[in-house]
Colleague: 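Just dropping this structure here.
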Amino acid sequence: MTGKLLIPMAVLLLGTICGCATTSTEESRESKLVKVHNFLKHAQVYYLATVDGDQPRVRPFGTILIFEGKLYIQTGRKKNVSKQIKKNPKVELCAFDGKTWLRLTGKLVDDNRMAPKAAMLDAYPGLKKMYKVEDDNTQVLYFKDAEAVFNTFGQKPVVLKF
């Protein structure tokens, strides 16, 4: 090998070992999840839209978690939002940080395992007053086939799919 090839090969090998290999034109799935997660954490409140028959329904949410490489939210199964998601898992959320707004669309998938419930409640200990890992009401859902669009006035939208 020539000296010119050694550095790119070392970078590729290092990226493969640490699991962070990306190209300059395509971000890793994990990097995209982190960007969306961090934006929503910073915004603190986002608004989740569901469909109720032919009527859109929007409500504030605040939970967001990356667990096992997926982006999760939390709600209660007894709530109308849970029933609406069960009928039609396509949702959209919107958040604004004072400069940039995010629209995240996708399908929410119910994950009834104890581990993601525990992770969510550990991340948001205030929820433990209303929810328990082992109760039938606690619901965590993750985004599937998601598209995040970041918009800032005067700039091109940034689109991330995961």
Side-chain angles (χ1 to χ4, degrees), residues 19-20 22 25-153 155-162:
C20 57
T22 61
T25 57
E26 186 174 318
E27 289 184 68
S28 71
R29 184 176 196 284
E30 181 180 343
S31 174
K32 293 173 187 178
L33 287 173
V34 168
K35 282 185 178 180
V36 173
H37 172 269
N38 289 350
F39 184 89
L40 293 171
K41 286 290 277 190
H42 175 72
Q44 297 181 346
V45 175
Y46 59 88
Y47 296 88
L48 182 74
T50 58
V51 177
D52 184 14
D54 66 347
Q55 179 65 46
R57 301 288 179 190
V58 181
R59 78 280 293 154
F61 266 68
T63 56
I64 196 73
L65 175 74
I66 296 175
F67 181 77
E68 295 180 344
K70 297 175 183 162
L71 191 65
Y72 280 81
I73 66 169
Q74 185 275 333
T75 192
R77 291 184 191 281
K78 296 176 186 175
K79 294 182 176 182
N80 287 335
V81 65
S82 176
K83 295 169 188 162
Q84 293 158 10
I85 292 167
K86 187 175 182 177
K87 284 184 182 178
N88 183 351
K90 292 181 182 179
V91 299
E92 181 168 292
L93 68 76
C94 187
F96 183 63
D97 72 356
K99 178 182 170 190
T100 300
W101 68 96
L102 164 68
R103 283 195 186 112
L104 175 63
T105 59
K107 295 177 186 171
L108 285 176
V109 178
D110 188 0
D111 189 343
N112 202 28
R113 297 177 302 141
M114 298 288 185
K117 289 181 184 182
M120 182 66 78
L121 294 178
D122 286 345
Y124 294 90
L127 291 175
K128 292 180 180 181
K129 296 173 188 169
M130 299 176 287
Y131 299 101
K132 306 286 181 236
V133 172
E134 53 285 328
D135 73 21
D136 292 332
N137 186 38
T138 302
Q139 183 177 31
V140 292
L141 307 110
Y142 66 85
F143 277 90
K144 180 180 177 185
D145 302 327
E147 179 178 87
V149 181
F150 292 91
N151 288 283
T152 304
F153 288 111
Q155 297 181 15
K156 283 185 159 187
V158 175
V159 179
L160 306 175
K161 295 183 181 188
F162 56 92

Colleague: So, the side chain of K132 versus the backbone of K128: is there a donor-acceptor pair under 3.5 Å, distance only?
Modeller: yes
Colleague: Can F143 and V91 be said to form a side-chain contact (heavy atoms from CB on, under 4.5 Å), step by step?
Modeller: CA-CA 9 Å; F143 277 90; V91 299; 3.8 Å; yes
Colleague: How far does CG of L48 sit from CD1 of I85, to the nearest 0.5 angstrom?
Modeller: 5.5 Å
Colleague: With a 4.5 Å limit on heavy-atom distance, are the side chains of Y72 and D111 in contact?
Modeller: yes
Colleague: Applying side-chain contact (heavy atoms from CB on, under 4.5 Å) to V36 and L102, what does each step give before you reach the verdict?
Modeller: CA-CA 8 Å; V36 173; L102 164 68; 4.0 Å; yes
Colleague: Regarding Q84 and T50, is there a side-chain donor-to-acceptor distance under 3.5 Å anywhere?
Modeller: yes
Colleague: Do Q139 and S82 meet the criterion of a side-chain donor-acceptor pair at a distance under 3.5 Å?
Modeller: yes
Colleague: Taking side chain as C-beta onward, heavy atoms only, is T63 less than 4.5 Å from M120?
Modeller: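 Of all side-chain heavy-atom pairs linking M120 with T63, at least one is under 4.5 Å.
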Colleague: Does the side-chain contact (heavy atoms from CB on, under 4.5 Å) test come out yes or no for L93 and L40, once each step is laid out?
Modeller: CA-CA 10 Å; L93 68 76; L40 293 171; 3.8 Å; yes
Colleague: Could you label the plane-to-plane angle of the F150 and F39 rings as parallel, tilted or perpendicular, counting under 30° as parallel and over 60° as perpendicular?
Modeller: perpendicular
Colleague: Can you list the steps and then say if L141 with T75 is a side-chain contact (heavy atoms from CB on, under 4.5 Å)?
Modeller: CA-CA 8 Å; L141 307 110; T75 192; 4.0 Å; yes
Colleague: Should E147 and R103 count as an ion pair when the cut-off is N to O under 4.0 Å?
Modeller: no
Colleague: State, with a plain yes or no, whether a side-chain heavy atom of L71 is found less than 4.5 Å away from one of F162.
Modeller: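 Yes. Closest side-chain heavy atoms under 4.5 Å.
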Colleague: Which value, rounded to the nearest 0.5 Å, describes the distance between K78 atom NZ and D136 atom CG?
Modeller: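 Going from NZ on K78 over to CG on D136, the span is 8.5 Å.
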Colleague: Inspect the surroundings of NZ in K161 and state if more than 12 heavy atoms from other residues, nucleotides or ligands are less than 6.0 Å away.
Modeller: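 Atom NZ in K161 is not packed in, count stays at 12 or less.
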Colleague: Which value, rounded to the nearest 0.5 Å, describes the distance between E92 atom CD and L104 atom CG?
Modeller: 8.5 Å
Colleague: Considering all heavy atoms of both residues, which atom of A123 and which atom of L65 are nearest to each other, and what is their separation?
Modeller: CB-CD1, 4.0 Å
Colleague: Is atom NZ of K107 surrounded by more than 12 heavy atoms (other residues, nucleotides or ligands) closer than 6.0 Å?
Modeller: no
Colleague: Do H37 and K35 have side-chain heavy atoms sitting under 4.5 Å apart?
Modeller: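 They are not in contact (no side-chain heavy atoms under 4.5 Å apart), so the answer is no.
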Colleague: Would you say the ring centroid of Y47 lies under 6.0 angstrom from that of F61?
Modeller: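 No, the ring of Y47 stays outside the 6.0 Å limit from the ring of F61, centre to centre.
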Colleague: Might you point out which heavy atoms bring G53 and V51 nearest each other, and give the distance in Å?
Modeller: O-CG1, 3.1 Å
Colleague: Nearest 0.5 Å, what's the CG-CD distance between D97 and Q44?
Modeller: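 Reported to 0.5 Å precision, the distance equals 11.0 Å.
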Colleague: Does the T138 side chain pair with the main chain of V133, one donor and one acceptor, at a distance under 3.5 Å?
Modeller: no
Colleague: Treating Y124 as the side-chain partner and I64 as the backbone partner, does any N or O pair qualify as donor plus acceptor under 3.5 Å?
Modeller: yes
Colleague: List the steps, then state whether side chain to side chain donor-acceptor pair (under 3.5 Å) holds for K117 with N112.
Modeller: CA-CA 8 Å; K117 289 181 184 182; N112 202 28; 2.9 Å; yes
Colleague: Return yes if a side-chain donor-acceptor contact under 3.5 Å exists between Y131 and N137, otherwise no.
Modeller: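 There is no such pair between these side chains.
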Colleague: When rounded to the nearest 0.5 angstrom, what is the spacing between OG in S31 and CG in L160?
Modeller: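 Answer rounded to 0.5 Å: 8.0 Å.
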Colleague: Could you tell me whether the side chain of T152 and the main chain of Q155 form a donor-acceptor pair under 3.5 Å?
Modeller: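 It does not hold such a pair.
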Colleague: NZ/K129 to CG/L121 distance, rounded to the nearest 0.5 angstrom?
Modeller: 13.0 Å
Colleague: Please tell me whether W101 and Y46 form a close aromatic pair, meaning their ring centres lie under 6.0 Å apart.
Modeller: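 Between W101 and Y46, the centre distance exceeds or equals 6.0 Å.
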Colleague: Got a sec: does the CZ of R77 have more than 12 other heavy atoms crowding it under 6.0 Å?
Modeller: yes
Colleague: Tell me, please, which residues at least two apart from E68 pass side chain to side chain donor-acceptor pair (under 3.5 Å).
Modeller: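 Expected list: R113.
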